[in-house]
S.K.: 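The following block contains the structure, expressed as structure tokens.
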Amino acid sequence: KTFTVQQGSASTIKIFDALTGSLYKVISVGGNIVSSPYISGNIVTATVEMGGKRFNKTFSLPSGGLKSSMPLG
């Protein structure tokens, strides 16, 4: 399956089925998104700000589960 990604609200990422264009899943990132989410292979990555700190968060596709959260800075 191929997916495309788009920021939803300040704290959500929308995953779309690239073939049909239909909404597949909405991921809540647990903070404010400060850089546009992007897909690389079967993961989605976004920079998220939580409590004044920034994290590089990676989510698995198609499940949308959190794969890693790396502090930046």
Side-chain angles (χ1 to χ4, degrees):
K1 226 176 203 313
T2 306
F3 299 99
T4 60
V5 65
Q6 175 183 326
Q7 185 171 337
S9 67
S11 62
T12 60
I13 297 171
K14 290 182 176 180
I15 309 296
F16 294 91
D17 184 314
L19 196 61
T20 65
S22 60
L23 182 63
Y24 179 78
K25 185 178 287 284
V26 177
I27 301 171
S28 179
V29 299
N32 286 331
I33 299 167
V34 293
S35 75
S36 295
Y38 64 92
I39 290 181
S40 177
N42 64 341
I43 59 169
V44 178
T45 303
T47 303
V48 178
E49 191 166 21
M50 298 163 40
K53 294 187 176 163
R54 290 185 176 196
F55 297 86
N56 197 27
K57 288 196 167 192
T58 304
F59 301 89
S60 301
L61 288 177
S63 70
L66 181 63
K67 190 169 180 161
S68 69
S69 180
M70 192 182 332
L72 300 173

S.K.: State, to 0.1 Å, how close Lys57 and Ser69 come at their nearest heavy-atom pair, and which atoms those are.
M.R.: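 Shortest heavy-atom contact: CE-OG, 3.6 Å.
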S.K.: Please say yes or no: joined through hydrophobic side-chain contacts below 4.5 Å, possibly via intermediate residues, are Met50 and Ile27 part of one cluster?
M.R.: yes
S.K.: Between Val34 and Val48, which heavy-atom pair has the shortest distance, and what is it?
M.R.: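 What the structure gives for the nearest pair is CG2-N, 4.3 Å.
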S.K.: Is there a path of hydrophobic side-chain contacts, each under 4.5 Å between heavy atoms of I, L, V, M, F, W or Y residues, that connects Leu66 with Leu61?
M.R.: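 Yes, because Leu66 and Leu61 connect within a single hydrophobic cluster, where side-chain heavy atoms sit under 4.5 Å apart.
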S.K.: Taking Ser9's backbone N and O only, do any of them form a donor-acceptor pair with Gln7's side chain (distance below 3.5 Å, no angle check)?
M.R.: yes
S.K.: Where is the tightest heavy-atom contact between Pro62 and Phe3, given as atom of each residue plus distance?
M.R.: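 The pair with the smallest heavy-atom distance is CB-CZ, 3.8 Å.
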S.K.: Let me confirm one number: the CG-OG1 distance from Asn42 to Thr2, rounded to the nearest 0.5 Å.
M.R.: 11.5 Å
S.K.: Starting at CZ of Phe16, measure out to OG1 of Thr4 and round the result to the nearest 0.5 Å.
M.R.: 6.5 Å
S.K.: What are the two closest heavy atoms between Ala46 and Asn56, and how far apart are they?
M.R.: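 That closest heavy-atom pairing would be O-OD1, 3.6 Å.
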S.K.: Looking only at non-hydrogen atoms, find the nearest pair between Ile13 and Pro37 and report the distance.
M.R.: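 Of all heavy-atom pairs spanning Ile13 and Pro37, the closest is CD1-CB, 3.8 Å.
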S.K.: If you round to the nearest 0.5 Å, how far is OG1 of Thr12 from CD of Gln6?
M.R.: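 Atom-to-atom, Gln6:CD and Thr12:OG1 are 9.5 Å apart.
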S.K.: Supply the atom-to-atom distance Ile33 CD1 to Glu49 CD, rounded to the nearest 0.5 angstrom.
M.R.: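 Reported value, rounded in 0.5 Å steps: 12.0 Å.
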S.K.: Determine whether a donor-acceptor pair (N or O, by modelled atom type, separation under 3.5 Å) exists between the side chain of Thr47 and the backbone of Ser35.
M.R.: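 Such a contact is absent between Thr47 side chain and Ser35 backbone.
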S.K.: Taking the side chain from Lys25 and the backbone from Gly64, do they hold a donor-acceptor pair closer than 3.5 Å?
M.R.: no
S.K.: So which of Thr45, Ile43, Val29 actually passes side-chain contact (heavy atoms from CB on, under 4.5 Å) with Phe59?
M.R.: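 Between Phe59 and the candidates, side-chain contact (heavy atoms from CB on, under 4.5 Å) is satisfied uniquely by Val29.
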S.K.: Indicate the atoms forming the closest heavy-atom contact of Val44 with Val5, along with that distance.
M.R.: CG1-CG2, 4.0 Å
